[in-house]
Each structure stands twice: as C-alpha cells, then as structure tokens.
Amino acid sequence: MAAQLRGVVAMDGPSGTGKTTVARTLADRFGAGYLDTGAMYRAITLAALRSEVDVSDPDAVTAAAKAAELTVGTAPNVPVALLDGDDVAAEIRGEVVTSSVSAVAAVPAVRDLLVGMQRRIIERVLAERGGIVVEGRDIGTVVAPDAPLKIFLTASADVRAARRLAQDTAAGREANHVDVLRSVDRRDRLDSTRATNPMRPAADAVELDTSDLGIGGVVSSLCELAEQRGMVAERGVTP
Ligand code: DC
C-alpha cells in the first residue's frame, strides 16, 4: 500500500541547495501537498515591479502587496503561480524579479501578509490531504514552528551557483557562472541578515549538506527521518 505523509515537513535553506526538487519529490512520493513560499515572495515582487513602485520603499511595496491577487498551487508536480489572474510561473524566475526579491522579502508588512496566507494554505492542505512539504527560508522558525520535521539544506557556494546556472540555462535564460555565483551570494547575504525573520536553521532542524549527495540520497534520508518520527502512514489509514 502507498505511504502517506502526516503533518508538515519544513524545508529551509539558501538557493541552489536542491530544496525545490527535494521538496517536490518528497511530497509526490508521500501523496502530500507542496507549498513554494519563495514563489509567493517572487510574485509580490513582480506585482511591485508591475505597479512601478520603488522596491526600496517599504510603504509602496506594502501597498502593492495588499492590492495584488495572488494564487499559488499546492500540487507537487504542477507549479501554479497566478498574479491578478495572469500565469506568472515563468516570469517570477527571471533575473529582474530575482534581483529585487530580497528587498521585498525584507519588508515586515509583506512578511506578515504572506506568513498569514501560508499558514492558511497549510491548514487547508492538512485538512484535505493530511500532509504537506513547505519550502522557504523561515518555515521551521516562523511559519510552522511546530512542524515535526524541520530540514535545513546547505551546499557549497560553487555547487549552488552551478545548479542555478543549469536551471537558468534549461529555462533559456542567459547566464554565466561568475555572475550567478555573485547573485546567489548577494541574495543569501541579504536573506540571512535582514531584521525580520532572517533565514536561519531552527534550533531543532536537521542540517543536510547536499553538495555531494544526489537528490535521491537526500530524499531517502528524509523519508527515513519522516518514518522515524511517525509521520508516515499507509494511505487511507488514520494513525
Ligand atoms: O526560494 P526562492 O529562491 O524562490 O526564494 C526567493 C526569495 O524569497 C529569496 O531570496 C528569499 C525570499 N524568501 C523568504 O524571504 N522567505 C521565504 N519563506 C521564502 C523565500
């Protein structure tokens, strides 16, 4: 019988550590939901850019965030991101949004708004499917501090830049290793030093260095951890 995840897996870490692939694979394997909170910060950044506000002006960014109508999907295999009804799943991954997202994600009122939305989505998916894998930077510390399994993925800067470069190239975006390394470093510095909800591992997070582990290796370790913590049931059976 197929296995089913119960509860929340909180998956945090810097960009390029394999969070998205690992989180999607894990959610898919366990029939669980999946939430990409980075996509939400990216979509709000796009909303601010589309309304031509200065992303370094917190009040203007907050107003744009409040006016935006944001929809994100929770199926692990179908990345859905709608902004005011527009499919923006590809556009939010581009360099324009990527270079401004840390400034927008540092605005406390934007974080309040999105953390509230994220908690409501998690509650809904838990009621519908029983389990969810949530990825971001502050999931274990702020969004879901009671999650029974918290993971903080890391990898060397070179490996992270190489992964980002491969993603950019696959998506048809022009990029080179030096620029991507600089961009990854800059974003991680901004994300981990902001005053509100900085990226950091929760005190009870399991830290995994993915530099030399394939995705399969990371997923296997996480499946084992979820089982050890009693989070895996047979599908259709209520523990
Ligand atoms: O995971 P990502 O690269 O798509 O995230 C984009 C940005 O959003 C990242 O630079 C920091 C921010 N972010 C955040 O501050 N908190 C989260 N929970 C998720 C993302």
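Quantities reported herein were computed from a predicted structural model and do not represent experimental measurements. Each ligand, and each atom within it, is numbered from 1 in the order the structure gives.
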Closer than 4.0 Å to some heavy atom of Asp138 - which atoms of ligand 1 meet that? 16 (N), 17 (C), 18 (N)
With distance as the sole test, does Arg119 use its side chain to make a donor-acceptor pair with the main-chain N or O of Ile122 at under 3.5 Å? no
Shortest non-hydrogen contact from Val97 toward Thr45: O-CG2, 3.9 Å
Decide whether an N or O pair under 3.5 Å exists between Tyr41 and ligand 1. no
Yes or no: does Arg93 have any heavy atom under 4.0 Å from an atom of ligand 1? yes
How far is atom 20 (C) of ligand 1 from its nearest protein heavy atom, and which residue and atom name does that atom have? Gly38 CA, 3.5 Å
Considering only NZ, NE, NH1 and NH2 on the basic side and carboxylate oxygens on the acidic side, decide whether Lys150 and Asp12 come within less than 4.0 Å. no
Flag the pair Glu224 and Arg229 as a salt bridge only when some basic side-chain nitrogen lies within less than 4.0 angstrom of an acidic carboxylate oxygen. no
Among Arg186, Arg194, Arg137, which residue places a heavy atom closest to atom 15 (O) of ligand 1? Arg194
Between the candidates Lys19, Met199, Arg111, Arg164, which shows the shortest non-hydrogen contact distance to atom 16 (N) of ligand 1? Arg111
Please report the shortest heavy-atom distance between Thr25 and Thr21, naming the atom on each side. OG1-O, 2.6 Å
Starting from atom 4 (O) of ligand 1, what is the nearest protein heavy atom, named by residue and atom, and what distance separates them? Arg42 NE, 2.7 Å
Under the criterion side chain to side chain contact (heavy atoms under 4.5 Å, CB included), which of Leu225, Val22, Leu222 is the partner of Leu208? Leu222
I'd like to know if Val88 and Val61 are part of one continuous hydrophobic network [Ile/Leu/Val/Met/Phe/Trp/Tyr, side-chain heavy atoms within less than 4.5 Å]. yes
re atom 11 (C) of ligand 1, the protein heavy-atom contact at minimum distance is Asp191 OD2, 3.2 Å
Can you spot which of Arg93, Arg137, Lys19 makes a salt bridge (Lys or Arg N to Asp or Glu O under 4.0 Å) with Asp36? Arg93
N or O pair under 3.5 Å between Thr37 and ligand 1: yes
Numbered atoms and elements of ligand 1 in range of Val101, under 4.0 angstrom, heavy atoms: 7 (C), 8 (O), 10 (O)
Which ligand 1 atoms are under 4.0 Å away from a heavy-atom of Ser102? 10 (O)
Are the side chains of Thr169 and Arg173 in contact, using a 4.5 Å heavy-atom criterion? no
Taking distance alone, with no angle check, do Glu135 and ligand 1 share an N/O pair under 3.5 Å? no
Nearest protein heavy-atom contact for atom 12 (C) of ligand 1: which residue, which atom, what distance? Ala105 CB, 3.8 Å
